[in-house]
Amino acid sequence: GDVRLWGGRFADGPAEALAKLSASVHFDWRLAPYDIAGSRAHARVLHKAGLLTADELTRMLTGLDRLEADVADGSFVGTIADEDVHTALERGLLERLGADLGGKLRAGRSRNDQVATLFRMYLRDHARVIGGLLAELQDALVGLAEAHPDVAMPGRTHLQHAQPVLFAHHVLAHVQSLSRDAERLRQWDQRTAVSPYGSGALAGSSLGLDPEAVAADLGFEHGSAGNSIDGTASRDFVAEFAFITAMIGVNLSRIAEEIIIWNTKEFSFVTLHDAFSTGSSIMPQKKNPDIAELARGKSGRLIGNLTGLMATLKALPLAYNRDLQEDKEPVFDSCDTLEVLLPAFTGMMATLTVNRERMEELAPAGFSLATDIAEWLVKQGVPFRVAHEVAGECVKECEQHGIELDQLTDEQFAKISAHLTPEVRTVLNVAGALASRDGRGGTAPSAVAVQLAEVKADLANQ
Ligand code: ARG
């Protein structure tokens, strides 16, 4: 028979071209377990409102259990003719319970409030999955920092040598941004803990159903929607989820770009584990950072999912419009993308080897201790404007002779400025430069140790 939920006023069935365009069952099928949970909760409020007898409720719940088992083992699947997951599951219920009882469940609900509710449930579950995978990456990065507490590296701005920093300090900077992403996911989860069920098509229900009971049943901590039009038509929860996943992608891409650069022959800062790198089909010597490159590439895809969704939502009038069916594929893709990317990325970061000698060889290069000369002069009472000038002269002198700052002779220092006594050499070494930056958030080993402890405590609470 006709499975459509809306056949009554139509003389003809849908054209095949329409059915093909309209179908979402091939991508919204993943909402099936949530749809069935929603149906159970809905059956209970129908009973509470006196619209299902106790016996009918029992048989309804048994039918839903059987349907759920058949969906789980694949013996019941939706088809294109079903249009969407909600219609397919209604057919499944009718087949199992007969039309008289099965046909009662639809009272007081619409696919509009159903889909808005189920989508929230699905994304909330996946926010937790992604949060868990993110925590594993944070752990791996913390482990990397902890395993190299005293390795110096060239800190860069504009990708140019700037000042030496601790490698652990640099790695923890990435952990900080990922921690904010994890926090965003938790805050989003709380904002999304509101159930649209009971909003009906847009105006609510006349049947005296209890949306708060459904909300509690389905695990929505903040109850049911305060406005049925907003409940069915708003998708900012989807857009925000898409933003958070895109932001995670962007943050991963920034780590990825560094790994790609660090892994070049010229840098040689890190070596990737064989299990987390790939070879070339023609060049036998190649060992490529494909995971990092895929992370960089997939961040573009995650951004695309966000912007595509925003374009779909822009200027949509209230309430539900079919355009909204376009909301699911982008964020399903964002979930799938991060759920395969994060474990690989974590594996890459957890297994890479740090080339300490190379990092430390380059840490003082590129005149990265020039600021230390200037700040040493300030401590001797020289105004910073003058100190900056004098340190710049030192760099110029080095460039002329092709040497580094610590290779300047006492005579050369004295010629540049009378303030530059031989004691300036005490700050012309990486260890001294690092140790001197011991204020909160600085790169001194003592300050980085404080940061590491804070980050670990945060992670334990996450
Ligand atoms: N499949 C639709 C969606 O994902 C829900 C069905 C609502 N359809 C309708 N004609 N009111 O948005």
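For ligands, and for the atoms within them, numbers begin at 1 and follow the listed sequence. Hydrogens, waters and symmetry mates play no part in the numbers below; they use all other heavy atoms, side chains included.
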Kindly assign one of parallel, tilted or perpendicular to the pair F167 and W262, based on the angle between their ring planes and the thresholds 30° and 60°.
tilted
Atom 2 (C) of ligand 1: of R111, K328, Q325, the nearest heavy atom sits on Q325
Check: Are the side chain of N355 and the backbone N or O of F269 linked by a donor-acceptor pair below 3.5 Å?
Finding: no
Requested in this report: Determine whether the side chains of S179 and Q138 contain a donor N or O and an acceptor N or O closer than 3.5 Å.
Outcome: yes
D84 versus ligand 1: do any nitrogen or oxygen atoms come within less than 3.5 Å of each other?
yes
Looking only at distances, please establish whether an N/O atom of ligand 1 is found under 3.5 Å from an N/O atom of N112. yes
Test your reading of the structure: does Y320 have an N or O sitting under 3.5 Å from an N or O of ligand 1? yes
For V115, the ligand 1 atoms with a heavy-atom partner under 4.0 Å come out as 4 (O)
A student checking ligand 1 against S24 at a 4.0 Å heavy-atom cut-off should list atoms 1 (N)
Cationic N near anionic O, under 4.0 Å, R30 to D35: no
Per ring pair (Phe, Tyr, Trp, His ring centres under 6.0 Å), F332 is matched among Y122, W29, F27 by Y122
